[in-house]
Amino acid sequence: MGQNLNRERRASPRLPRAFQVLWFGEAVSLFGTATTATLLSLLAATQLDAGPGWMGILAAASWSPWLILGLPAGALADRWPPRTTMIASDVVAATAAATVPLLWVTGTLSLAALVAVAFVIGSCAVLFRAALPRLVTRVVDADQLATANSMLYATESASTIVGPGLAGLIAQAVSAALGVLLDAISFLISAACLARIRPASRAPDHALAVLEESFIQRIRAGVTVVARDRYLRYFAGLAAVQNFGLTGLLTLQVLFLVDELAAPQAVTGLVLATGGVGGVIGGLLGPHIARRLGTARGPITLQLTSCSCLLVLLADPGAGVAWMVAGLLLCEFAIVADNVIRSTWRLTYVPDHLQARVSTTIQMLAFAAMPASGLASGWLGQQLGIRTALAIMLGIYVTGALTMPFGPLKGRRDLPTPPRPSRVLERTASPAR
């Protein structure tokens, strides 16, 4: 796994078929999920009369599983076959999503039911994401990881373009509740694609030691790597701070567009989709930025660029919505490009048998901030108004971004890569005695 992102090595021109199948299934699921995320918000805001408080609870339900299940999921995913774990997650998520149109047709749909569905789907996402990095490393060669990650992140951003816009059209043409059925179908398509993959089996040198570890020891190993490594520790803390701020934007942006900017549902979906355009560009350009600027300087530059999210606060009804479009576009570009660079680096930096645990430890810290942010931004929206609440939450995000030039990346062109990992990685990767 000793790939250096900055070596001008020629990767294979074509990614393996197994990855192409994985990518297709993931793309279908992402498009369905992006549509449903907006549909649930529109359903709560327009048909169930949810205010900022309920919108905050709904956002919290989607992300609280990371706080509850994050660390255990990483320990389990490093032992379970990643493909099987992801298929099971897809099937359970499909079942949960299918209950929304069923309850709507029977006239029993409630805000509490939406919260429960969001929690179940969020729990499935925890296990799915914990297993995904290990599956990617089994179907893609080391010199293709940057390309594979670029495709995954670009596709995720593309889903945010089509999903919200499609959600707005569905909500106006038919019903937001019936539209959620698309997500249930997309999860099943993803599961079917995963079932067709035959990933390369791996028997790492540390497999026996991992099996001999207790469940608590496996969790502790992942936490130890993140806590003692200066780069992983900083990135985990930065993600927690910035996700807290960004979740405030995600929680309130629909209400901001509908109530403050008087945007119709279809326009709301289209405005939210524009941020995904920047994400697609960022996903595609991430590896190029890493080669051009370096894997350390690139993220620093991108973090400062992401401060453009403050342009959202300048938005007004009518043509003033363009400020929100510009802010979302530039911010999403920077965030996704940065994620491509750092996630690819992490796949080469962390030993394979620790991938899921390190990934879920970082994601738990990042996503655990999100339910708290959902509740906080909802409360702030009720007490101070939506625009003021957005200003506070975006200010928190920008504060995190401004620490990047002064953190462990200061003065570096590139992030460290094997064969010279940090000592804590060497210690944790050694078999238990």
Interatomic distance, Met86 atom CE to Leu194 atom CG [nearest 0.5 angstrom]:
5.0 Å
Presence of salt bridge, Arg387 and Asp259, under 4.0 angstrom
no
Check this for me: Phe24, atom CZ, are more than 12 non-hydrogen atoms of other residues, nucleotides or ligands nearer than 6.0 Å?
no
Is there a side-chain contact between Leu314 and Leu311, using heavy atoms and a 4.5 Å cut-off?
yes
Please indicate whether Arg412 has more than 12 foreign heavy atoms, meaning atoms of other residues, nucleotides or ligands, lying under 6.0 Å from its CZ.
yes
Side chain proximity check, Leu384 to Ile392, heavy atoms < 4.5 angstrom
yes
Which atom names give the shortest non-hydrogen contact between Asp90 and Ser190, and what distance separates them?
OD2-OG, 2.7 Å
Within the structure provided, determine whether Trp345 and Asp414 are in side-chain contact (heavy-atom separation under 4.5 Å).
no
Closest heavy-atom pair and its distance - Leu390, Gly248
CD2-O, 4.0 Å
Under a 4.5 Å cut-off applied to non-hydrogen side-chain atoms, are Leu402 and Cys307 in contact?
yes
Atom pair CG (Leu409) and CZ (Arg297), whose distance is rounded to the nearest 0.5 Å
11.0 Å
Do you know which two heavy atoms are closest between Leu304 and Ala401, and how far apart they sit?
CD2-O, 4.3 Å
Before giving the answer on side-chain contact (heavy atoms from CB on, under 4.5 Å), spell out for Leu293 and Ile300 the whole-Å C-alpha distance, their side-chain angles and the decisive distance to 0.1 Å.
CA-CA 10 Å; Leu293 300 180; Ile300 290 174; over 6 Å; no
Keeping Thr106 on the side-chain end and Leu103 on the backbone end, is there a donor-acceptor pair under 3.5 Å?
yes
Hey, are the side chains of Leu380 and Thr388 touching, using non-hydrogen atoms and a 4.5 Å cut-off?
no
Donor-acceptor pair, distance only, cut-off 3.5 Å: does the side chain of Thr295 make one with the backbone of Leu415?
yes
Heavy-atom side-chain contact between Leu261 and Met324 under 4.5 Å:
yes
What's the shortest heavy-atom distance between Val398 and Cys309, and which atoms?
CG2-SG, 3.9 Å
At what distance, to the nearest 0.5 angstrom, does OG1 of Thr403 lie from CD of Gln303?
7.5 Å
Can the ring centroids of Phe19 and Trp23 be said to lie less than 6.0 angstrom from one another?
no
Leu302 vs Ile341 side-chain heavy atoms within contact, under 4.5 Å
yes
Distance in Å, Leu394 CG paired with Thr399 OG1, rounded so as to fall on 0.5 Å steps
10.5 Å
Rounded at 0.5 Å granularity, tell me how far OH in Tyr397 sits from CD1 in Ile335.
3.5 Å
Is a donor on one side and an acceptor on the other found under 3.5 Å between the side chain of Thr99 and the backbone of Ala96?
yes
For Arg346 and Leu232: C-alpha separation, side-chain torsions, deciding distance, then whether side-chain contact (heavy atoms from CB on, under 4.5 Å) applies.
CA-CA 9 Å; Arg346 195 170 65 236; Leu232 296 174; 4.1 Å; yes
Find the distance between CG (Leu310) and CH2 (Trp323) and round it off to the nearest 0.5 Å.
12.0 Å
Ser89 (side chain) donor-acceptor with Thr85 (main chain) under 3.5 angstrom
yes
Smallest heavy-atom separation, Val336 atom then Gly282 atom, equals CG1-C, 4.1 Å
Donor-acceptor pair, distance only, cut-off 3.5 Å: does the side chain of Ser123 make one with the backbone of Pro65?
no
In terms of heavy-atom contacts, Pro299 and Arg342 come closest through CG-CG, 4.3 Å
Just wondering, do Phe128 and Phe187 contact through their side chains at under 4.5 Å, heavy atoms?
no
